[in-house]
Amino acid sequence: MSEKSEKPKKPQKLRARLPRGLGDRGPADIAATRRMTDTIREVYERYGFEPVETPTMEFTDALGKFLPDQDRPNEGVFSFQDDDEQWISLRYDLTAPLARYVAEHWDALPKPYRSYRAGYVYRNEKPGPGRFRQFMQFDADTVGSGSPAADAEMCMMAADAMEALGIPRGSYVVRVNNRKVLDGVMESIGLGGDENAGRRLTVLRAIDKMDKFPVDEIAKLLGPGRWDGGEEGKGDFTKGAGLSDHQASVILGFLKTSIGTAEIRSRGGFGNFAFSGDLLELLSTSVTGTEGVKELIEIANLTSASGYQDGRILIDPSIVRGLEYYTGPVYEVELTLEAKDEKGRPVRFGSVGGGGRYDGLVSRFRGEPVPATGFSIGVSRLQAALELIHKDKPKPVIYGPVVVTVFDRDRVADYQKMVGSLRNAGIRAELYLGNPKSMGNQLKYADRRNSPCVIIQGSDEKATGEVMLKDLILGAGLSDLEGDRDAYLQKQAEAQTKIAENDLVSAVRKILDKHGVKWN
RNA sequence: GCAGUUGUAGCUCAGUUGGUUAGAGCGCCUGUUUGUGGAGCAGGAGGUCGGUGGUUCGAGACCACCCAACUGUACCA
């Protein structure tokens with residue numbers, strides 16, 4: 001069949017690759033995540049929250065999701081069918097699973113029940129900057145309290161967490177709104193009732209884009225609709241809410257008079273709560289709207305009383321959040337720092353945290369109303385944002401272990417013993433396990449591991465009961481000194497010293513201390 | 001989903017109006033090196049030119065369709 005002249009077909013190699021929106025994480029990322037979660041945990045616990053974890057998968061209906069479409073079972077969420085044909089999905093947030101947990105363990109839990117958890121959640125959607133298909137959230141919830149004090153606490157805790165993470169005051173803002181106010185405004189322009197549910201949704205979507213588009217684009221979305229190609233007839237058409245000019249102007253007036261971060265700031269935090277006479281009058285026709293305003297004022301008073309009225313927490317009527325389950329106050333944390341990508345273009349990160357009141361979520365499982373409110377930090381997105389913001393700053397060096405080299409392969413046991421004594425002293429150490437044919441290779445390995453120092457014991461040292469201790473961090477500066485022979489030699493001598501074998505641990509520790517090497 | 005832009009080595013990119021065996025830098029591996037890493041020198045591996053089909057004597061380049069990535073937009077619990 002095959003002729004000699006034919007090229008031998010290479011076996012097709014399996015391509016090592018990862019689906020989009022997923023990423024591997026190295027030691028530096030992992031260390032950064034750990035620092036972040038430790039910090040957030042400390043804040044949440046200070047607020048009296050206790051940990052609870054739930055699995056990454058739930059029955060699909062428990063997540064509050066309609067059963068997957070037969071044709072596209074993975075639209076939005078990752079789902080599959082169990083042996084018994086029941087649909088199971090990967091969780092897409094930590095709130096819905098918590099609601100299930102609370103409902104399932106209702107009798108055993110103290111009420112109000114406050115708990116926190118960190119974990120990966122999954123969304124099957126288009127990834128972007130700071131947007132992944134697997135990402136970590138750090139969530140806290142208070143179940144069983146309908147008091148605005150519970151909401152106020154979430155906002156203050158969000159602010160505290162940002163500051164604990166080293167984000168300076170003024171570089172982030174917690175925005176608060178109340179869905180009841182939005183509902184009230186819509187009711188006042190005749191959008192109440194079941195028959196207008198679809199239009200209300202469209203209006204909310206339009207309002208939610210206030211941070212993305214200028215006001216006249218929002219007006220289009222409230223009215224007939226908008227072309228995303230920049231001009232009439234270009235790109236995709238987004239159907240609008242079809243409001244009359246009057247209706248649209250009420251909405252826009254509501255948004256415009258009370259927001260604008262700069263304006264809010266200049267008026268000093270909650271002082272902005274212009275909730276002008278006009279607005280109050282407008283809302284007075286709506287029971288829901290009046291209630292919403294009352295709750296917002298309550299939150300404003302509570303947070304101000306605790307000293308958060310300095311711009312850390314602001315009221316912003318354009319905050320909408322999820323359309324599915326929020327029922328009252330909603331909050332969002334945004335970084336106000338500018339982030340730029342490699343090409344120097346500004347990057348939108350969106351919010352790095354958010355939450356709100358979801359009074360209907362637990363009661364789905366129980367016959368009685370159960371108020372609840374919660375807040376989640378998007379750890380992965382926040383980390384990605386901070387990385388981009390700080391990309392010019394040098395990354396902290398992550399040091400590897402002390403490497404004990406193998407000089408004489410008959411004496412591996414001796415070297416292993418040295419490793420053991422270092423480990424017993426709490427120092428990270430390892431024996432070189434590769435082919436010990438040359439010292440060069442072993443040093444190259446230690447270099448790659450970012451080891452602070454290596455231990456060498458050849459026959460000369462063995463004879464005198466000594467070991468050679470080589471300081472790789474100091475030695476790293478050697479190549480810069482080429483041309484200056486004296487300095488070079490001096491530094492080299494400094495970087496490599498002979499010490500008594502018995503002093504191994506203390507000498508290594510001295511080097512670690514000198515360079516400030518800490519592994520945790 | 002829709003629209004635009006882009007697909008050549010692990011990475012960043014060259015590749016003349018279509019013309020022999022597709023290149024560079026960085027990275028990687030080996031040697032120099034049976035007592036010393038980051039430098040130097042020498043060598044090596046690595047490519048279905050995103051895929052398929054077409055035009056042509058001849059395609060990495062031209063045409064069609066498909067796929068993927070990026071950006072915007074839609075959806076987003």
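Naming convention: chains lettered A, B, ... in sequence-line order (proteins, then strands); numbering from 1 in each chain.
In this structure a side-chain-to-backbone donor-acceptor pair under 3.5 Å is present from A:Arg123 to A:Tyr92. Here the side chain of A:Ser451 pairs no donor or acceptor atom with the backbone of A:Val402 at under 3.5 angstrom. Remark: side-chain polar atoms of A:Thr142 are not paired, donor with acceptor, to backbone N or O of A:Thr373 under 3.5 angstrom.
Nucleotides B:G72 and B:U55 are separated by 36 Å at their C1' atoms, to the nearest Å. B:U12 and B:A69 have their P atoms separated by 16 Å, given to the nearest Å. Remark: the separation of the P atoms in B:C13 and B:U20 is 26 Å, to the nearest Å. Rounded to whole Å, the separation between the C1' atoms of B:C29 and B:C65 comes to 41 Å. Taking atom P on both nucleotides, B:G47 is separated from B:G35 by 37 Å, rounded to a whole Å. Distance check on atom P: B:A9 versus B:C66 gives 24 Å, rounded to whole Å. Comparing the P positions of B:A59 and B:G53 gives an interatomic distance of 13 Å, to the nearest angstrom. Comparing B:G51 with B:G7, their P atoms are spaced 14 Å from each other, to the whole Å.
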Between the protein and nucleotides 26-29 of chain B, list every N/O to N/O distance that falls short of 3.5 Å.
from, atom 1, to, atom 2, distance (Å)
B:C28, OP1, A:Arg448, NH2, 2.8

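Ion pairing between a basic and an acidic side chain is recognised when a charged N comes within 4.0 Å of a carboxylate O; A:Asp141 and A:Arg117 show such pairing. Between A:Arg449 and A:Glu430, at least one side-chain N (NZ, or NE/NH1/NH2) sits under 4.0 Å from a carboxylate O, which counts as a salt bridge. A salt bridge is absent between A:Glu195 and A:Arg200; no separation between the charged side-chain nitrogens and carboxylate oxygens falls under 4.0 Å. A salt bridge does not link A:Glu501 to A:Lys462: none of the charged nitrogens lies less than 4.0 Å from a carboxylate oxygen. Using a 4.0 Å cut-off between a side-chain N of Lys or Arg and a carboxylate O of Asp or Glu, A:Arg133 and A:Glu125 do not qualify as a salt bridge.
If you measure from atom CG of A:Asp208 to atom C1' of B:A74, you get 13 Å, rounded to the nearest angstrom. If you take CG of A:Leu361 and C1' of B:A77, they are 9 Å apart, rounded to a whole angstrom. Going from atom NZ of A:Lys239 over to atom P of B:U73 covers 22 Å, rounded to whole Å. Between the CH2 atom of A:Trp227 and the P atom of B:G4 there is a distance of 14 Å, rounded to whole Å. The nearest whole Å value for the distance from the CZ atom in A:Arg133 to the C1' atom in B:C76 is 14 Å. Whole-Å rounding puts the A:Leu221 CG to B:U73 C1' distance at 11 Å. As a whole-Å value, the separation of A:Glu494 CD from B:U36 C1' is 18 Å. Between the P atom of B:U73 and the CZ atom of A:Arg226 lies a distance of 7 Å, rounded to the nearest Å.
Set against B:G35, B:U36, B:C76, the side chain of A:Leu443 has B:U36 as its closest nucleotide. Closest contact between the side chain of A:Asp460 and the listed nucleotides B:G37, B:U73, B:G35 involves B:G35. The side chain of A:Ile456 has B:U36 as its nearest neighbour among B:U36, B:C76, B:G72. In this structure, of B:A74, B:A77, B:G37, it is B:A77 that holds the atom nearest to the side chain of A:Tyr325. In this structure, of B:A74, B:G38, B:A77, it is B:G38 that holds the atom nearest to the side chain of A:Lys444. Distance from the side chain of A:Ser459 is smallest to B:G35 among B:A77, B:A74, B:G35. Side chain of A:Tyr326, nearest nucleotide from B:A77, B:U36, B:A69: B:A77.
For the strand RNA chain B, secondary-structure stems (runs of at least three Watson-Crick or G-U pairs, all distances below 3.5 Å) span B:1-7 with B:67-73, B:10-13 with B:23-26, B:28-32 with B:40-44, B:50-54 with B:62-66.
Across all strands, A:Arg449 comes closer than 4.0 Å to no nucleic acid atom at all (heavy-atom distances). Across all strands shown, A:Tyr445 has no heavy atoms under 4.0 Å from either base or sugar-phosphate atoms. A:Gln457 comes within 4.0 angstrom of nothing in the nucleic acid, heavy atoms only. Residue-level contact check: A:Tyr358 touches neither bases nor backbone, having no heavy atom under 4.0 Å from any strand.
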Item to check | Derivation of the side chain to side chain contact (heavy atoms under 4.5 Å, CB included) call for A:Met154 and A:Val174 | outcome: CA-CA 10 Å; A:Met154 288 292 164; A:Val174 181; over 6 Å; no

Checklist entry - Would A:Met418 and A:Leu504 count as a side chain to side chain contact (heavy atoms under 4.5 Å, CB included) if you check the C-alpha gap in whole Å, the side-chain angles of each, and the deciding distance to 0.1 Å? => result CA-CA 8 Å; A:Met418 292 183 208; A:Leu504 180 62; 3.8 Å; yes

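In the region residues 431-439 of chain A, proximity to RNA chain B at under 4.0 angstrom, judged on heavy atoms, holds for A:Lys437, A:Met439.
A ring-ring contact (aromatic ring centres under 6.0 Å, His included) check over residues 428-461 of chain A, counting only residues at least two apart or in different chains, returns the pairs A:Tyr432-A:Tyr445.
For A:Asn177, there are no side chain to side chain donor-acceptor pair (under 3.5 Å) partners, not counting sequence neighbours. The side chain to side chain donor-acceptor pair (under 3.5 Å) check on A:Glu295 picks up A:Asn178, A:Lys180, with sequence neighbours excluded.
No donor-acceptor contact under 3.5 Å links the side chain of A:Lys209 to the base of B:U73. With hydrogens and angles ignored, no donor-acceptor pair closer than 3.5 Å exists between the side chain of A:Lys470 and the base of B:G35. No N or O donor and acceptor, one from the side chain of A:Arg205 and one from the base of B:C76, sit under 3.5 Å apart. At a cut-off of 3.5 angstrom, counting only N and O atoms as typed in the model, there is a donor on one side and an acceptor on the other between the side-chain of A:Gln496 and the base of B:U36. No donor-acceptor contact under 3.5 Å links the side chain of A:Glu125 to the base of B:G1.
The residue from A:Asp139, A:Asp93, A:Thr95 that alone fulfils the side-chain hydrogen bond (donor to acceptor under 3.5 Å, both in side chains) condition with A:Ser376 is A:Asp139.
Using bins of under 30°, 30° to 60° and over 60° for the plane-to-plane angle, the ring pair A:Tyr116/A:Tyr44 lands in the perpendicular bin.
Within the 4.0 Å cut-off from OP1 or OP2 of B:A69, at least one side-chain nitrogen or oxygen of A:Arg20 is found. In this structure, A:Lys212 reaches the B:A74 phosphate: one of its side-chain N or O atoms is under 4.0 Å from OP1 or OP2.
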